[in-house]
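Residue numbering restarts at 1 for every chain, and letters A, B, ... go by the order of the sequence lines. Worth saying up front: this structure is predicted, and the values here are computed from it rather than measured.
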4 protein chains.
Amino acid sequence: MTGPQTTRRKRANGVESRQRILDATVEIAGERGYDGTSIAAVSAKCGLPASSIYWHFKDKDDLIAAVIERSFETWLKAVELPGDDAGTPLERVVLMAGNVARSLLAAPDFLRLGLMLALERRPTEPRGRAVFLQVRDISHRRIAGIITDLFPSLTEDEVQTLTTYAVAGADGLFVHREVQGESVDLVALFELHARLIHDAAARTAARAGR
Amino acid sequence: MTGPQTTRRKRANGVESRQRILDATVEIAGERGYDGTSIAAVSAKCGLPASSIYWHFKDKDDLIAAVIERSFETWLKAVELPGDDAGTPLERVVLMAGNVARSLLAAPDFLRLGLMLALERRPTEPRGRAVFLQVRDISHRRIAGIITDLFPSLTEDEVQTLTTYAVAGADGLFVHREVQGESVDLVALFELHARLIHDAAARTAARAGR
Amino acid sequence: MTGPQTTRRKRANGVESRQRILDATVEIAGERGYDGTSIAAVSAKCGLPASSIYWHFKDKDDLIAAVIERSFETWLKAVELPGDDAGTPLERVVLMAGNVARSLLAAPDFLRLGLMLALERRPTEPRGRAVFLQVRDISHRRIAGIITDLFPSLTEDEVQTLTTYAVAGADGLFVHREVQGESVDLVALFELHARLIHDAAARTAARAGR
Amino acid sequence: MTGPQTTRRKRANGVESRQRILDATVEIAGERGYDGTSIAAVSAKCGLPASSIYWHFKDKDDLIAAVIERSFETWLKAVELPGDDAGTPLERVVLMAGNVARSLLAAPDFLRLGLMLALERRPTEPRGRAVFLQVRDISHRRIAGIITDLFPSLTEDEVQTLTTYAVAGADGLFVHREVQGESVDLVALFELHARLIHDAAARTAARAGR
DNA sequence: TATGAATGAGACTTCATTCAT
DNA sequence: AATGAATGAAGTCTCATTCAT
């Protein structure tokens with residue numbers, strides 16, 4: 001720390017440069033989308049010349065995909081795993097939803113950029129889009145698992161529908177907050193969402209249980 | 001000269017040219033977003049040279065905004081107004097949701113392009129974004145009106161929350177179908193959405209009524 | 001005057017339209033030069049569509065040339081012809097210089113635009129440039145005549161040199177005022193200019209007379 | 001590799017490329033002015049693609065300003081500093097004027113382009129115009145200093161007026177030669193100019209001295 | 001007398017990418 | 001591990017001009 005601080009830093013530090021580039025890219029791409037993210041803008045924001053970006057990443061596509069991957073991991077770390085014990089199914093579901101909402105507020109880049117990529121349709125799909133869809137498939141399966149655990153009597157089809165509804169609703173609420181701004185209480189909306197889904201599941205399970 | 005109208009073509013027809021340009025733009029912008037929509041691409045698709053596009057529209061921003069406006073009107077026409085009589089609140093709400101879902105399948109451009117613009121944050125906001133948000137505010141108010149009519153005992157706050165949830169959920173379901181493709185049964189999801197909201201509203205109203 | 005004022009004006013008034021176009025052009029060309037003067041800008045300033053400009057003028061070159069011609073005539077009217085009698089040669093010369101200075105202040109467009117055209121060298125010389133140089137040749141000859149009248153003993157060469165010096169100096173002072181702004185007392189500078197030239201002529205004449 | 005320096009060409013030589021661009025620009029801008037100088041023309045003349053020009057200069061404005069700066073320096077080098085001793089004030093003044101005239105003939109770009117920029121009035125003033133005016137202010141002050149040295153009894157106001165007249169007259173003579181062509185003997189005109197100013201200064205000083 | 005519409009050429013500028021060092 | 005310099009393609013938009021009405 002008090003060592004050769006002037007000598008260190010600068011002059012070949014691959015890992016840090018890579019991070020700097022990713023940091024800059026996530027910021028720009030999260031605001032401007034794929035086409036709106038220019039290598040020159042990334043270069044300006046991270047301070048490294050454009051050619052250095054190409055040392056770390058094959059091309060723009062590769063860079064964006066890397067951003068998606070890293071921001072997914074960041075987000076994963078932000079989602080606290082729910083204590084599997086807790087209380088009633090409703091309580092547990094609401095708790096989980098609140099956690100997810102909070103994680104999205106803390107690390108919104110993944111979903112924000114992902115949704116932008118997902119909405120766009122370009123001749124040659126960016127790799128980042130595939131990464132996003134694939135990664136979000138994991139979330140889908142995980143939620144389906146939770147629902148199955150909580151309501152074992154539901155059919156596979158019913159679970160799938162509820163899961164789709166849960167994920168899509170979350171997307172919509174997230175978009176709403178991104179568009180409408182900080183005044184939106186995302187946690188409350190997510191909890192409402194969870195409650196409605198729980199009720200629907202419970203009612204369906206009850207009906208099915210007969 | 002007085003022959004069939006099919007012969008009449010080429011040379012100075014402002015109204016038709018304008019439509020051709022808008023048609024081309026809506027198609028491209030709906031798939032590629034703001035940055036991805038190049039004037040050259042629009043020109044190629046509509047057959048008019050790029051400079052002609054600038055005779056009809058001040059700049060790209062103006063063009064995109066016009067597209068948003070026109071596609072909103074197209075969509076409005078596609079939404080059938082619900083028969084105000086019908087049966088129970090639940091039946092009516094589900095019917096309306098189905099209608100909206102069908103209208104979005106028939107005319108998806110408005111919401112698709114609008115959501116893309118809404119998610120982007122660029123230094124100088126495109127006018128189209130403002131148009132979209134403003135126009136969607138109208139939808140919000142209309143839905144709030146319907147909920148108030150059906151459940152007069154709800155407080156203003158409760159109506160607002162439910163409306164926000166309804167609109168955001170619809171956005172999410174729409175995005176889901178756009179991303180996942182034609183296999184998604186948007187009508188069914190919208191009807192489920194409507195049912196859950198109805199139940200929530202009914203339960204809240206009942207509790208409040210006590 | 002109180003007649004059908006609504007009917008009149010508008011609907012085909014060629015003369016007035018021509019004036020409107022020239023008025024707009026002189027303003028723009030006087031500030032921006034040849035290349036900087038776009039037909040679109042002229043159209044916007046005069047309110048007539050670009051195609052109307054081409055009804056009145058063959059092309060841009062023709063328009064600029066017409067502007068030069070008209071502004072020369074305007075300027076000519078602004079120069080008061082000096083009473084040929086008056087007092088001493090010095091008094092008469094100073095009076096004339098003051099008049100010219102005042103005329104340039106009242107109608108600066110001719111010289112301003114002309115100098116801009118004169119300085120530019122383009123592959124195909126604009127006709128306006130030729131008009132300017134030719135018209136200014138008239139001024140040159142007129143001044144040479146005055147000098148010859150006042151100092152008959154000067155040789156043709158001496159008159160030519162003094163005339164060139166007089167005209168060029170006037171250009172320089174005019175440019176100075178255009179660049180430096182209204183704080184410059186152009187009349188005083190022109191009078192100084194005249195005095196110096198007079199003295200030089202007088203001294204040369206005296207030396208020659210011996 | 002270690003061969004003659006003529007072989008060394010092509011591929012990445014920033015300094016030389018910058019010079020090539022400036023050389024090309026000064027030639028074009030000196031003839032065509034700001035608007036008449038197209039990046040494409042500069043590119044064609046210097047052999048580098050247009051995009052390379054933008055690596056060396058932020059935009060066209062920056063390029064033109066750089067040209068003004070460099071051509072000023074070139075011109076400064078061309079003006080020989082007058083031996084401060086020499087003979088009578090008249091001789092010294094005439095000598096200086098001749099030197100300036102010769103320097104303008106050798107390096108006319110600075111004044112030529114500068115005057116064109118100075119005459120134009122565009123909505124957003126090119127930076128080059130400001131550079132020119134500011135740099136020419138230096139010349140003004142220097143000349144004022146010389147006049148004060150030679151005629152210490154002149155008032156500040158008298159010095160300023162004579163200086164303004166000197167500079168403006170020089171501009172006018174320069175323009176005259178640019179317009180009229182090589183047949184004009186600029187050195188002779190400048191010497192005449194100097195003589196007239198000297199006489200005026202001497203006479204004013206004499207009158208004041210009484 | 002006037003104009004709405006069209007058009008190809010060309011303006012400035014940014015793009016993603018490469019390459020030699 | 002990094003970067004200065006270069007580059008062709010493409011971006012948005014304006015240009016002067018024409019033509020049918």
OP1, OP2 of F:dT3 versus side-chain N and O of A:Ser52: anything below 4.0 Å?
->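 Yes, such a contact exists.
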Show your working on side-chain hydrogen bond (donor to acceptor under 3.5 Å, both in side chains) between B:Asp61 and B:Tyr34 and close with a plain yes or no.
-> CA-CA 9 Å; B:Asp61 216 49; B:Tyr34 191 96; 2.7 Å; yes
Where is the tightest heavy-atom contact between [X] and [Y], given as atom of each residue plus distance?
| X | Y | value |
| --- | --- | --- |
| B:Ala50 | B:Ile39 | CB-CG2, 3.9 Å |
| C:Lys60 | C:Asp35 | NZ-O, 4.0 Å |
| B:Ala29 | B:Ile64 | CB-CD1, 4.2 Å |

Residue from A:Asp23, A:Asp109, A:Thr25 passing side-chain contact (heavy atoms from CB on, under 4.5 Å) with A:Arg70 |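 Of the listed options, the one satisfying the test is A:Asp23.
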Whole angstrom is fine here: how far is it from [atom1] in [X] over to [atom2] in [N]?
| X | N | atom1 | atom2 | answer |
| --- | --- | --- | --- | --- |
| C:Ile21 | E:dT3 | CD1 | P | 9 Å |
| D:Ile64 | E:dT13 | CD1 | P | 11 Å |
| A:Leu48 | F:dG4 | CG | C1' | 14 Å |
| A:Gln19 | F:dA1 | CD | P | 14 Å |
| A:Arg122 | E:dA16 | CZ | P | 11 Å |
| A:Trp55 | F:dA2 | CH2 | C1' | 8 Å |

Member of B:Arg122, B:Arg129, B:Arg127, B:Arg121 meeting the side-chain hydrogen bond (donor to acceptor under 3.5 Å, both in side chains) criterion with B:Glu125 |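 Filter result, single survivor: B:Arg129.
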Flag side-chain contact, heavy atom, 4.5 Å: D:Leu117 against D:Ile68 =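 D:Leu117 reaches D:Ile68 side chain to side chain.
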Residue met sooner reading DNA chain F from 5', once A:Ser17 and B:Ser51 are mapped to nucleotides |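 Here A:Ser17 is the residue nearer the 5' end.
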With the threshold set at 4.0 Å, does a side-chain nitrogen-carboxylate oxygen contact exist between A:Lys45 and A:Glu27?
->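 Here A:Lys45 pairs with A:Glu27 in a salt bridge, since their nearest N and O are under 4.0 Å apart.
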Stepwise side chain to side chain contact (heavy atoms under 4.5 Å, CB included) check, C:Glu120 with D:Glu31 = CA-CA 5 Å; C:Glu120 283 179 29; D:Glu31 291 183 345; over 6 Å; no
Can D:Phe72 and D:Val131 be said to form a side chain to side chain contact (heavy atoms under 4.5 Å, CB included), step by step?
-> CA-CA 10 Å; D:Phe72 175 63; D:Val131 170; over 6 Å; no
In residues 28-40 of chain A, which residues come under 4.0 Å of DNA chain E by heavy atom?
->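 Hits under 4.0 Å, by residue number: A:Thr37, A:Ser38, A:Ile39, A:Ala40.
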Where along residues 56-63 of chain A does a heavy atom fall under 4.0 Å from DNA chain E?
->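 Here the set is A:Asp59, A:Lys60.
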Could you provide the dot-bracket string of DNA chain F, using ( ) for intrastrand pairs, [ ] for crossing pairs and | for bases paired to another strand, with Watson-Crick or G-U pairs below 3.5 Å?
-> .||||||||||||||||||||
Toward the 5' end of DNA chain E, which comes first, B:Ile53 or D:Tyr54, by nearest nucleotide?
->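 Looking at DNA chain E, the more 5' nearest nucleotide goes with B:Ile53.
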Given E:dT3, F:dT7, F:dT17, which nucleotide is nearest the side-chain atoms of D:Pro49?
->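 Nearest to the side chain of D:Pro49 among the choices is F:dT7.
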Applying ring pair (Phe, Tyr, Trp, His ring centres under 6.0 Å), run through D:Phe132 and D:Phe110 and close with a yes or a no.
-> CA-CA 8 Å; D:Phe132 172 71; D:Phe110 169 63; 5.4 Å; yes
